[in-house]
Amino acid sequence: MLRQRENSELFKAGVLSISVHAVLLGALLFSFNWKTTHPVSIAEVELWDSLPSEHVQEPLPPIEPIIQPEPIVKEMPKPEPPIEQVVEPEPEPKPQVDIVIKKKPVEKPVKKETPKDIKKSDALAELQKELMQDALQKPQKQPSDEALKKLQQESLNEDKAEADQKNLTAKAAANASEMGEFTNKIKAKIRGNVNKSLCGDGKPELKFEIGLLPTGELSGTPKLIKSSGNAACDDAVERAIMASEPLPLPTDAALLLQFRNLKLTFRPNDS
Amino acid sequence: MNASSDMSFFTLIAGASLPVQLVMLILIITSLFSWWYIFIKVATIKRAERDAEDFENTFWTGGDLNKLYEGIASNRRKPQGMASIFGAGFKEYARHKQQVRMEVSDVMEGARRAMRAAYNREMDELDAHLPFLASVGSVSPYVGLFGTVWGIMNAFRGLSNVAQATLSQVAPGIAEALVATAIGLFAAIPAVIAYNRFASSVDRLSVRYESFMEEFTNILQRKS
C-alpha cells in the first residue's frame, strides 16, 4: 500500500490524522450539550368556579320537589269545582223542585237544602226524603267517592304524567343550563386566546360551528357560519379556537352528544 | 421516568447494538486511514510540485546536460519526478549514442520509450492512494447508513412489544443509530474534497511532465 518515497511522511501524517480526529471529538463533546434535560412536564390546570360533573346530577332532585307542589296547587282548584257545583244548584231547586227531583245527579250534594224543602211542601217532603235518601245514599256518596277517586286517579295520572313531563323538562332544563354553562366556559376559554387587536374597534359578531370529541378536542376545523366581515378577525377567532384545545366538556355522555356539533357566537370586543 | 437521560456521545456508542458498533468501528478506522493518506498525499504532491519547479529552473537556465545528468545520478537519493524522467531519457540517449551505426530516429524512439516508462512510474506514484480516497468518499456514507438503518430497525422492533408507543422509547435507539451516519459522513466529506483536489493536482503535474518530455525530445533530436 505505502510507497517507498512516502516513508518520511508516514509518522507526521499519522500524528496529524489522529490529531484531526481528536479535535473533532473534542468539538463534539464541548459544543453539544449532550446532557439532555427533559423539561418537567407542564400540567395544564383549569380553574373553574364550580365543579360541573357534580352539578349534572344534583340539580335534578331539587327541581322535582319544586315541580311536585305545582300539581298539588292545580289539584286544589279541581276539588273545589264540585263545591261550586253544590252552590250553583241551589237557585235551581228553589223555584222548581220538580226539576230538582228530575235532576238527580244535580241534586247529589244537596244536603243543606233539605230542611228548606221540607218546610215548603209536606207532600213533597216524603218524596223528597226518599229522593233525598237516594240522593244522599247514591248520588252524594257515590259521585263524591267515585268523583274523588276519579279525580284522585286523574290527578294521580296527571301527576304522574306531569311529573314525567316535568322530569323530562327538568332534565332538559338542567341539560340546557348545563350546556349553557359549558358553552360559556368554552367561549370564555376561546375568548382568552383571541387577539382582539385584529378585530378593530367596532362590534364584530361571528358564528362558528365546531365539532367536539369527548376528549375536548376539535373533531375538525371550525366552520365559519357568519363572518364578521373582517377576515383577520375571523382568522384570529379560528386560531383562538384551535389554540383552546382541549375545551372544557361535561362528563355526562348524553350531554356530550349535544356538543358534537356546537354553534358558538363570538363578540370579541365585548368583555 | 428519568428527568434527565444520559445521552452523551460515549453512552450513545456504547448503547448501540453490536452490528452498529462494528459499523462505527470500521468507519472510524476508515476515517483515520483516509486522513492519514490525505496528509501523506498533501506532503508528497507538494514536494513533487516543488521538485518540478526546481528542476525546470535548473534545466532551462542552460548548461551542460551531461553535468546535469551527472548531478542527478550521483545524488544519493533516487531521482523523483521530472529528474527521473530526464535521467531515464538521457541515459538511454547516451547509451544509443555510443553505439555506432544507429539511426537518429531509432535513438530518439528509444529515449522516448525510456522517458515514457519513467513517466508512467511517476504517475503511478502520484496516483497512489487516490482510489482509496475515492472509495471512502463514495462508500462510507452507505456504510454509515447501513448502521443507521440497522439501529433504527432494532429501535422499532423494540416498540412492537409495547402497547402504547412513545417517542422516548424510540428516540435513544435512533440517536444511537444516527451516530453511525454522522461518522460515515465525517469520513466521506474530507475524502471526497481531498480526492478532487489531489486529482486536479496530479493532472497538472502530468501535463507538466508530458510537455517536458516533448521539449526534451526536441532538444535531444537537435543534439544528435
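Labels below follow one simple rule: chain letters A, B, ... track the order of the sequence lines, proteins then strands, and each chain is numbered from 1. Note that the coordinates shown come from a computational prediction; the quantities given were computed from them, not determined experimentally.
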*Among B/Val42, B/Leu32, B/Ile28, who wins on heavy-atom pairs under 4.5 Å with chain A?*
B/Leu32
_I need the B/Glu125 CD to B/Leu205 CG distance, nearest 0.5 Å._
13.0 Å
*Given a strict heavy-atom distance threshold of 4.5 Å, which part of A/Leu25 is in contact with chain B: side chain, backbone, both, or neither?*
side chain
*Just wondering, are more than 12 heavy atoms of other shown residues or ligands nearer than 6.0 Å to CZ in B/Arg197?*
no
*Among B/Phe55, B/Trp60, B/Phe86, find the one that has a ring pair (Phe, Tyr, Trp, His ring centres under 6.0 Å) with B/Phe216.*
B/Phe86
*Contacting region of B/Ser31 [heavy-atom separation from chain A under 4.5 Å]*: both
*Might you confirm whether atom CZ of B/Phe39 has over 12 heavy atoms from other residues, nucleotides or ligands at distances under 6.0 Å?*
yes
